[in-house]
Amino acid sequence: MPELPEVETIARQLAPLVSGQQVRRLEIVDAKLASNGLKLLSKCRIRQVMRLGKQIVFELAGRKGRPLWLAVHLRMSGRLLWVPDAHRGSAEQRYVRARIVLDRGALVLDDPRRFAVLTVSRSSDDIAPAGLDPLCGELTSRRLAGLLGGSPQPLKLWLLRQDRLSGIGNIYASEILFAACLHPRRAAGSLSADEAARLHRAVRHVLRKAIAHCGTTFSDFLDARGREGGFGRFLKVYGRGGQPCLSCGTLIEREVQGGRSTYFCPGCQR
DNA sequence: ACCCTCCTGTCA
DNA sequence: TGACAGGAGGGT
């Protein structure tokens, strides 16, 4: 479910809410999530909250000031809710898989499909994604062109690769390619410098705008406060198969690539 | 690039 | 009942 903008939204919301608080205890409801490392979290203090790829990452201070990292990957259906002590037990907590109890409330992992993953590590290298962050300063148009390299992969599948750019998922891959006027089946390595520049602009523009609107709630994304994202009304192609393109009127097509839906406008994207 | 798997829920 | 769902890892 959550892609870069949704994860960024949650991380930004949580940072001021939980920074400085100590981990009182951990309640692992779903045994699947248990791991040795989780014990290390007890009594650690949260220093910072950030996003790495599609993960929400907590930087903590352990005993003797040793840093410790907790990464939460929500995968398809996970939510990470901040529930202050004042109001526990709300409607959006039907599938609680874990609780990280802090001084003044709890971080609640709610996840019907149980795909979410918790990772604890002593080094940030273990949780850092291999790919470049699409919004970081290093990603210039030239750098993107270099990454696209001689890849024969279709653009849509290339954008989903987390070892190239980290954070783009199924909704934004389609939206970005529409914004760049590029066909999802174009070979990644076949782009001209001009087309790579268009893709670069689209990646940054779409993701930034989605963050500004707190992400997309297509069916069930909720942010850390349990609210929906506002980017849904700006979606141009995702989920709009059979409907007219907002820019040229051609009917939006749905196609399956790598087992997942791709939406695009055959009129605008070539 | 394809298929399946991990899970559970929702919708046609 | 079957298709599909925002992710990712495995194996052909």
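Proteins get letters first, then strands, A, B, ... in listed order; numbering begins at 1 in each. Fair warning: this is a prediction, and the values are worked out from it, not measured in the lab.
Counting non-hydrogen atoms of other residues, nucleotides and ligands closer than 6.0 Å to NZ of Lys43(A) gives a total of 12 or fewer. For Asp163(A), the CG atom sits in a packed shell: over 12 heavy atoms of surrounding residues, nucleotides or ligands are nearer than 6.0 Å.
Residues Leu235(A) and Leu160(A) fall into different hydrophobic clusters, defined by Ile, Leu, Val, Met, Phe, Trp and Tyr side chains chained together at heavy-atom separations under 4.5 Å. Under a hydrophobic-cluster definition in which Ile, Leu, Val, Met, Phe, Trp and Tyr are linked whenever side-chain heavy atoms come within less than 4.5 Å, directly or via other members, Ile56(A) and Val117(A) are assigned to different clusters.
Counting only distance, with no hydrogens or angles, the side chain of Ser151(A) and the backbone of Ala188(A) share no donor-acceptor pair below 3.5 Å. Side-chain N or O atoms of Arg45(A) include one that pairs as donor or acceptor with a backbone N or O of Gly20(A) at under 3.5 Å. Side-chain atoms of Lys54(A) come within 3.5 Å of backbone atoms of Ile168(A) as a donor-acceptor pair (strictly under, hydrogens ignored). Side chain of Arg79(A) to main chain of Asp220(A): a donor-acceptor pair is present (N/O by atom type, distance under 3.5 Å, no hydrogens or angles).
Along DNA chain C, the nucleotide closest to Arg260(A) and the one closest to Arg254(A) are compared, and the more 5′ of them pairs with Arg254(A).
At a threshold of 4.0 angstrom between heavy atoms, the contacts of Ser261(A) are confined to the sugar-phosphate backbone, with no base atom among them. Among the atoms of the strands shown, none is found under 4.0 Å from any heavy atom of Asp111(A).
For Glu6(A) and Tyr172(A), the side-chain atoms include at least one donor-acceptor pair closer than 3.5 Å.
OP1 or OP2 of dA8(C) has at least one side-chain nitrogen or oxygen of His73(A) nearer than 4.0 Å.
When the P atom is used for both dC7(B) and dG10(C), the distance is 16 Å, rounded to whole Å.
Residues Tyr95(A) and Asp30(A) fail the side-chain proximity criterion, which asks for heavy atoms closer than 4.5 Å. Contact check for Val7(A) versus Gln55(A): no side-chain heavy atoms found under the 4.5 Å cut-off.
Note: Ser166(A) OG to Leu135(A) CG = 9.5 Å, rounded to the nearest 0.5 Å. To the nearest 0.5 Å, the span separating CZ on Arg270(A) from CG on Leu182(A) amounts to 12.0 Å.
When all heavy atoms of Ile46(A) and Leu60(A) are compared, the pair lying nearest together is CG1-CD2, 3.6 Å.
Rounded to a whole Å, the CE atom of Met76(A) is 14 Å from the P atom of dG9(C). One interatomic measurement links the two molecules: CZ of Arg51(A) to P of dG7(C), which rounds to 14 Å at whole-angstrom precision. Between the CZ atom of Phe218(A) and the P atom of dC4(C) there is a distance of 13 Å, rounded to whole Å. Between the CD atom of Gln257(A) and the C1' atom of dA8(C) there is a distance of 17 Å, given to the nearest Å. Taking atom CZ of Arg79(A) as the reference point, atom P of dA5(C) lies 19 Å away to the nearest angstrom.
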Protein proximity profile, nucleotides 5-12 of chain B - base contact B, sugar-phosphate-only contact S, no contact -, cut-off 4.0 Å on heavy atoms:
-BBBS---

Bracket notation of DNA chain B in which parentheses pair within the strand, [ ] cross earlier pairs, and | pairs with another strand (Watson-Crick or G-U, under 3.5 Å):
||||||.|||||

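Residues of residues 228-245 of chain A that place a heavy atom closer than 4.0 Å to DNA chain B do not occur. Residues from residues 145-163 of chain A lying near DNA chain C, meaning a heavy-atom separation below 4.0 Å, are Gln162(A) in numerical order. Of the residues in residues 168-181 of chain A, Gly169(A), Asn170(A), Ile171(A) come within less than 4.0 Å of DNA chain C through at least one heavy atom, sorted by number.
Each of Arg208(A), Arg51(A), Gln13(A) was scored for a side-chain hydrogen bond (donor to acceptor under 3.5 Å, both in side chains) with Glu8(A), with one residue passing: Arg51(A).
Asp85(A) meets the side-chain hydrogen bond (donor to acceptor under 3.5 Å, both in side chains) test with no other residue; sequence neighbours excluded.
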